[in-house]
Peer 1: 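Sharing a structure here in structure tokens format.
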There are 2 protein chains.
Amino acid sequence: MTLADVARMAGVSSASASLILNRRAGTRISSETQERVRTAARELGYRPNIAAQSLRTDKSHTVAFVSDFVSTTRFAARMIRGAMKAADELGQVLIVVETEGDVEREARAMHTVLDRQVDGIILAAERARAVDIPDFPDSVNVIMLNAMNDAHPHAILPDELQGGRTAVRELTAAGHRDIGLVGYDFESGIGGSSPSVTLERRMHGIREQMAADRARFIAQGGSRRWEPEEGYRIARAQLRAGPVRAFLCLNDRLAFGAYQAIAEAGLTIPDDISVVSFDDDDISSYLRPGLTTVALPHEAMGRLAVERLYRGSPAEEVLVAMPSIRRGSVAPLSVGARRTG
Amino acid sequence: MTLADVARMAGVSSASASLILNRRAGTRISSETQERVRTAARELGYRPNIAAQSLRTDKSHTVAFVSDFVSTTRFAARMIRGAMKAADELGQVLIVVETEGDVEREARAMHTVLDRQVDGIILAAERARAVDIPDFPDSVNVIMLNAMNDAHPHAILPDELQGGRTAVRELTAAGHRDIGLVGYDFESGIGGSSPSVTLERRMHGIREQMAADRARFIAQGGSRRWEPEEGYRIARAQLRAGPVRAFLCLNDRLAFGAYQAIAEAGLTIPDDISVVSFDDDDISSYLRPGLTTVALPHEAMGRLAVERLYRGSPAEEVLVAMPSIRRGSVAPLSVGARRTG
DNA sequence: GCGGGATGCATAATCGATTTAGCAGTACGA
DNA sequence: TCGTACTGCTAAATCGATTATGCATCCCGC
């Protein structure tokens with residue numbers, strides 16, 4: 001079923017059919033003719049051939065989502081999901097390519113999708129970071145998702161500054177002032193696997209809010225890997241060293257480890273000790289009690305990427321709020337409730 | 001950079017340029033001319049416009065991956081990853097659409113991708129099941145991935161019969177004959193969330209292998225939901241009822257719960273009790289000791305889907321082997337090692 | 001009765017490839 | 001010398017849309 005078929009059935013030229021079906025005609029075509037064409041299109045089940053459209057108009061209604069990882073964690077998947085929902089709403093479609101961080105595959109991916117005349121490219125990274133990307137024509141619309149690149153200022157990132165503040169406030173609002181920090185050490189600067197702008201921002205937010213609320217870290221434990229084992233190790237050390245009543249963990253896996261250490265010490269969350277963390281990983285809802293965590297808003301970010309490409313929004317850095325997900329690992333500090341025995 | 005540019009630079013017609021770059025010419029074009037054209041293409045960085053190609057040839061080198069879920073579990077993501085790897089190797093690209101199981105969105109997705117002249121459609125389901133799909137032209141190449149549909153015999157499924165046998169053999173090979181079954185009850189038929197062909201096959205394989213190895217279920221606990229809580233409940237009941245030394249769990253989340261019950265009973269895995277499960281979920285590698293599980297081969301299945309579409313393989317049901325992932329939750333039965341005190 | 005403008009539609013070019021049919025030129029055998 | 005068979009390439013149609021231009025026709029005012 002082509003446009004020509006529709007035109008023939010309606011007894012008009014395909015030019016008119018095109019004008020009518022694209023509603024570009026204004027008043028220049030009689031309403032009877034318009035009706036005839038629309039009816040014909042409906043009866044024949046006409047659907048435009050997008051390859052032909054794209055050839056002529058240079059619009060493919062297709063966006064490329066090029067990511068270093070799609071399946072390692074659910075984070076990347078959430079960004080994809082957000083992007084796909086927005087695409088669906090806007091009549092777009094997503095070509096998804098995984099590069100596994102391989103530079104050669106990245107370059108290949110860029111070309112492959114450009115060959116398909118995509119309307120824009122979303123370059124996503126699983127963990128917010130600066131990425132190297134191959135050169136390509138300036139005409140191409142590119143947006144960095146959870147990633148940064150000097151040549152491409154259009155980027156969507158989590159608002160880590162606000163996120164850091166929010167996490168601290170979860171604890172201070174419950175009365176906590178003496179807090180154990182798990183995963184980072186301000187003195188040595190150790191924390192996280194690589195120097196990352198977003199981590200800096202998060203730590204900055206944490207520091208600001210701690211000062212604002214007159215709270216202090218009575219213990220700090222840094223580690224490069226942010227896995228349950230390290231969380232366990234650091235939390236145990238802090239519990240042994242002193243009377244910690246609140247942990248601020250830099251991600252949910254660290255918090256998972258901290259939970260173990262807390263249980264081992266015979267303490268109860270949140271009555272004896274409160275825990276707050278970052279990311280909203282799957283495990284945070286599996287844990288008992290559920291972990292209160294400041295979420296990385298990946299779905300919202302993915303959605304925004306598609307929408308901004310579609311709208312041709314200005315190339316600027318966009319920060320997406322990190323909401324706090326309260327699940328029950330924080331309780332008001334009640335003096336003397338702990339270790340009364 | 002179009003083909004015409006290349007042709008102009010090489011001083012030939014675009015027809016010749018096309019023939020040469022597609023290597024269709026055979027001996028009909030002089031090698032000097034061929035060289036000139038290839039050089040021109042290289043120097044100009046010529047890349048064919050796939051929209052134009054697709055318009056003319058009806059091949060878009062694009063495959064649609066329509067799935068009910070892409071981001072809920074890592075299973076779906078693994079299928080996508082396998083599909084993408086194969087696509088990358090074959091010079092194809094994947095359009096990914098998520099329908100969330102919504103019939104209307106499924107229909108819309110089918111049309112959207114058909115409009116884009118995809119070479120084939122992969123219809124994937126997160127959990128192996130029969131799916132309803134909208135009608136579309138017979139000319140479209142469709143393959144069911146982890147799903148079944150009467151109208152479309154071309155399907156790729158895990159070999160659950162073999163998988164069931166394999167799981168049992170993991171235990172019987174270690175000397176276990178008296179086994180506790182977690183998640184299913186042969187007498188009541190209760191187990192799993194919905195009647196599923198693949199579950200039937202798995203249970204059939206389990207039954208066969210149990211008989212072949214002269215083993216028996218000394219306890220069975222069925223449940224519709226296969227979540228950690230149920231695993232915990234069922235395992236605890238079985239441990240209290242009698243001297244179970246081996247658990248066969250129907251998925252890793254049930255096993256996760258069983259681990260808790262076992263720890264609570266003061267028993268050690270695998271010395272006191274062996275555990276085998278299905279799926280190879282993430283948690284199976286997080287657990288201590290690592291969980292021995294019969295994996296759902298999702299990545300291999302995704303890969304196969306793209307390859308078979310590409311090759312135009314016959315429309316048949318393809319079963320993919322479920323490999324056993326040994327991690328240390330199974331140990332040889334040593335009589336008297338348990339509860340000696 | 002005629003120029004001018006609006007109305008309603010068609011013609012044809014175009015996007016960038018593929019592919020069939022066929023045109024020159026040469027070689028060769030009879 | 002002529003017919004035939006290759007060889008090496010080009011012209012032009014084609015895929016299915018969009019869009020600039022143009023051609024009738026009619027209405028209107030003068």
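Keep in mind it's a predicted model, so treat the numbers as computed, not measured. Order of the sequence lines sets the chain letters (A, B, ...), proteins ahead of strands, with each chain counted from 1.
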Peer 1: Could you tell me the separation between the NZ atom of A:Lys59 and the C1' atom of C:dT14, rounded to a whole number of Å?
Peer 2: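 Those two atoms, NZ and C1', are 19 Å apart.
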Peer 1: Going from CZ on A:Phe75 to CG on A:Asp282, what distance comes out if it is rounded to the nearest 0.5 angstrom?
Peer 2: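 Taking CZ in A:Phe75 and CG in A:Asp282, the distance rounds to 7.5 Å.
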Peer 1: In whole Å, I'd like the distance from the CD atom of B:Glu32 to the P atom of D:dT7.
Peer 2: 15 Å
Peer 1: Could you verify whether a donor N or O on one side chain and an acceptor N or O on the other, from A:Asp119 and A:Ser60, lie under 3.5 Å apart?
Peer 2: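 Checked: A:Asp119/A:Ser60 side chains pair up, N/O donor to acceptor below 3.5 Å.
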Peer 1: Less than 4.0 angstrom between a side-chain N/O of B:Thr33 and OP1 or OP2 of D:dC9, yes or no?
Peer 2: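 Yes, such a contact exists.
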Peer 1: For B:Ile20 and C:dT18, give me the distance from atom CD1 to atom P, rounded to whole Å.
Peer 2: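 Between P of C:dT18 and CD1 of B:Ile20: 12 Å.
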Peer 1: For B:Lys85, is there an ion pair with B:Glu307 - N to carboxylate O distance below 4.0 angstrom?
Peer 2: no
Peer 1: Please check if the side chain of A:Thr33 supplies one atom and the backbone of A:Ile29 the other of a donor-acceptor pair under 3.5 Å.
Peer 2: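 Side chain of A:Thr33 to backbone of A:Ile29, a donor-acceptor pair under 3.5 Å: no, none is there.
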Peer 1: I need the single residue from A:Ile156, A:Leu123, A:Ile121, A:Leu157 that forms a side-chain contact (heavy atoms from CB on, under 4.5 Å) with A:Met144. Which is it?
Peer 2: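 Looking at A:Ile156, A:Leu123, A:Ile121, A:Leu157, the match for A:Met144 under the side-chain contact (heavy atoms from CB on, under 4.5 Å) is A:Leu123.
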Peer 1: Kindly indicate, with the supporting measurements, whether the criterion side chain to side chain contact (heavy atoms under 4.5 Å, CB included) is fulfilled by B:Arg36 and B:Met9.
Peer 2: CA-CA 9 Å; B:Arg36 255 186 302 134; B:Met9 177 167 173; over 6 Å; no
Peer 1: At under 4.0 Å between heavy atoms, how does the protein contact nucleotides 13-23 of chain D? Give one character per nucleotide, 5' to 3', with B, S or -.
Peer 2: BBBBBBB----
Peer 1: Nucleotides 25-27 of chain C: which of its N/O atoms have a protein N/O under 3.5 Å away?
Peer 2:
none

Peer 1: Ion pair present between A:Asp159 and A:Arg201, side-chain N to carboxylate O less than 4.0 angstrom?
Peer 2: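 So A:Asp159 does not pair with A:Arg201 through a salt bridge.
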Peer 1: Taking NZ, NE, NH1 and NH2 as the nitrogens, is one of them in B:Arg38 or B:Glu43 under 4.0 Å from a carboxylate oxygen of the other?
Peer 2: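 Salt bridge between B:Arg38 and B:Glu43, a charged N being under 4.0 Å from a carboxylate O: no.
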Peer 1: Give the rounded distance in Å between these two atoms: CD of A:Glu35 and C1' of C:dG8.
Peer 2: 17 Å
